[in-house]
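First the structure, in the form of structure tokens, and then the observations on it.
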Amino acid sequence: MHPKIRIFILRIKQAIKVAMGYSTVYPNNKYAFHKISWSQDGEDMVVAEFFNSKGNGKAKGFYVDVGAHHPQRFSNTYYFYLRGWKGINIDAMPGSMDIFNVLRPQDINLEIPISDKAEVLTYYKFDEPALNSFSLPVSQERVATSKYNIIAETQLQTQTLAEVLDKHLPPEQTIDFLSIDVEGLDYQVMSSNNWDKYKPKVILVEDLEVTSLRNINTSKVCLFLEERGYILFAKTMRTLIFKLES
């Protein structure tokens, strides 16, 4: 058979497969190990691997997501929600929990600003909601270095993470992993937890000061969590991932 005819036949066969619902030249079962990440930089896949690994297997668990942003977009927890996990989603943006209540009805969805003490802070809202922040320096830097701008400023009353968990965590519920991503106030949120009472197995914290692995030992986040029994076991572009040392 002429090579051009063979190629033509293969293309026809592939077109038929696509028309029948197959999007690749390989059978669907060849993709059994492929996963869809919902996080910004694949953080959910790292956490999933931790809980799937030997000695950490867990079919269902409980998460707390501070700075949850959106129930699906850039979410470190949606992958787990789809697999039957439940948790608490917390975000400061007014109106942010409306879509959580629609798409994540099994979760506890809270519209509460978190900081290391009860105070009134200015919340800087961007035309890209993922950049919303309580940090003026971080917000100003993003205006100067990106195409996005602040479109509103709102005064919001904060609470500590410990207060929120005391009130909303179900009785006897342990926390499997905690995700903190609040665009500049991550350390304050982390330090507002009651670490004697609430000690997740895994913690994800955005640390904008760690620009490379060379300066990771100077991270305030690392030092803080190491003092509380955690060790760093992974890093993505923006996020440090810790596990509780057994």
Side-chain angles (χ1 to χ4, degrees), residues 38-41 43-44 63-78 87-104 107-165 167-168 178-193 203-211 215 218-222 224 235-241:
W38 298 87
S39 296
Q40 187 170 13
D41 295 312
E43 290 88 348
D44 51 357
Y63 47 75
V64 173
D65 192 347
V66 184
H69 169 58
H70 188 277
Q72 297 172 329
R73 181 181 186 244
F74 298 159
S75 174
N76 290 337
T77 57
Y78 188 57
I88 299 176
N89 302 304
I90 307 169
D91 200 273
M93 186 174 75
S96 60
M97 288 301 126
D98 293 345
I99 191 170
F100 274 89
N101 291 331
V102 173
L103 297 178
R104 306 270 288 267
D107 281 344
I108 299 167
N109 303 311
L110 306 174
E111 200 171 287
I112 302 173
I114 304 295
S115 188
D116 54 358
K117 59 180 177 292
E119 59 183 335
V120 175
L121 293 177
T122 301
Y123 184 68
Y124 302 96
K125 184 178 180 182
F126 279 77
D127 46 8
E128 164 50 80
L131 302 180
N132 294 350
S133 176
F134 283 108
S135 172
L136 179 57
V138 169
S139 298
Q140 290 175 330
E141 179 184 1
R142 284 173 171 170
V143 169
T145 59
S146 76
K147 63 181 180 179
Y148 301 109
N149 294 289
I150 297 171
I151 58 174
E153 298 181 12
T154 307
Q155 301 296 306
L156 297 177
Q157 175 68 50
T158 67
Q159 298 180 35
T160 67
L161 181 57
E163 291 171 334
V164 173
L165 294 179
K167 183 176 181 180
H168 296 282
L178 167 66
S179 175
I180 301 174
D181 183 353
V182 293
E183 307 302 323
L185 258 68
D186 305 273
Y187 184 84
Q188 287 89 330
V189 169
M190 183 179 61
S191 62
S192 78
N193 184 40
I203 300 173
L204 296 79
V205 187
E206 184 178 69
D207 192 341
L208 300 176
E209 295 181 4
V210 177
T211 56
N215 67 339
T218 64
S219 165
K220 291 194 305 180
V221 169
C222 282
F224 181 94
K235 182 188 183 307
T236 63
M237 287 293 292
R238 302 165 180 83
T239 304
L240 303 179
I241 306 177

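A quick note: this is a predicted structure, and the numbers were derived from the prediction, not measured.
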- Shortest non-hydrogen contact between D107 and G87, atoms and distance: OD1-N, 2.9 Å
- Message: With heavy-atom distances below 4.5 Å as the criterion, would you say the side chains of D181 and R238 are in contact?
- Response: no
- Task: Supply the atom-to-atom distance N89 CG to L103 CG, rounded to the nearest 0.5 angstrom.
- Result: 11.0 Å
- Among S75, S39, S179, which one satisfies side chain to side chain donor-acceptor pair (under 3.5 Å) with D44? S39
- Approximate separation, where rounding is to 0.5 Å, of N193 CG and I203 CD1: 7.5 Å
- So how far is it from K147 NZ to N149 CG, rounded to the nearest 0.5 Å? 11.5 Å
- Are the side chains of L240 and C222 in touch, meaning some heavy atoms are under 4.5 Å apart? yes
- Does some side-chain heavy atom of Y187 sit less than 4.5 Å from a side-chain heavy atom of D207? no
- Side-chain heavy atoms of L185 within contact of V138, under 4.5 Å: no
- If you count the non-hydrogen atoms of other residues, nucleotides and ligands that lie under 6.0 Å from CZ in F74, is the total more than 12? yes
- Between I114 and V189 the two heavy atoms that sit nearest each other are O-CG2, 3.5 Å
- Message: Quick test of your reading: applying side chain to side chain donor-acceptor pair (under 3.5 Å), list the pairs with at least one residue in residues 132-143, sequence neighbours left out, ordered by first then second residue.
- Response: Y123-N132, R142-E183
- Item | From D65 atom CG to I108 atom CD1, the distance as rounded to the nearest 0.5 Å | 13.0 Å
- CA sep, side-chain torsions, deciding dist, call: I90, H168, side-chain contact (heavy atoms from CB on, under 4.5 Å): CA-CA 11 Å; I90 307 169; H168 296 282; over 6 Å; no
- Item | Closest contact, heavy atoms only, M93 versus K125 | SD-CE, 4.5 Å
- Of all residues at least two apart in sequence or in a different chain, which pass the side chain to side chain donor-acceptor pair (under 3.5 Å) check with E119? S115
- Does D186 have any side chain to side chain donor-acceptor pair (under 3.5 Å) partners at least two apart in sequence or in another chain, and if so, which? none
- Look up atom CG in D41 and atom CG in N76, then write down how far apart they are to the nearest 0.5 Å. 9.0 Å
- List the steps, then state whether side-chain contact (heavy atoms from CB on, under 4.5 Å) holds for F126 with V143. CA-CA 9 Å; F126 279 77; V143 169; 3.8 Å; yes
- If you round to the nearest 0.5 Å, how far is NZ of K167 from CG of L110? 9.0 Å
- Task: In sequence, state the C-alpha distance, the side-chain angles, and the governing distance for R104 and Y78, and then conclude on side-chain contact (heavy atoms from CB on, under 4.5 Å).
- Result: CA-CA 9 Å; R104 306 270 288 267; Y78 188 57; 3.7 Å; yes
- Message: I'd like to know if the side chain of Q72 reaches the main chain of W38, judged simply by a donor and an acceptor atom lying under 3.5 Å from each other, with no hydrogens or angles considered.
- Response: no
- Closest approach of H69 and D91, non-hydrogen atoms and distance? N-OD2, 2.8 Å
- Task: Identify, with sequence neighbours excluded, every residue that meets side chain to side chain contact (heavy atoms under 4.5 Å, CB included) alongside T160.
- Result: A162, E163, S192
- Message: For the residue pair E153 / T122, report whether a side-chain donor-acceptor contact shorter than 3.5 Å exists.
- Response: no
- Message: Test of understanding: with ring-ring contact (aromatic ring centres under 6.0 Å, His included), list the residues that count as partners of F100, not counting sequence neighbours.
- Response: none
- Message: Minimum heavy-atom separation for E43 and T239, please, with both atom names.
- Response: OE2-OG1, 3.0 Å
- Message: Can you pull out every salt bridge (charged side-chain N to carboxylate O under 4.0 Å, His left out) where at least one residue sits in residues 126-138? Sequence neighbours excluded, please.
- Response: R73-E128
- Item | Distance-minimising heavy-atom pair for F134 and P113 | CZ-CB, 3.5 Å
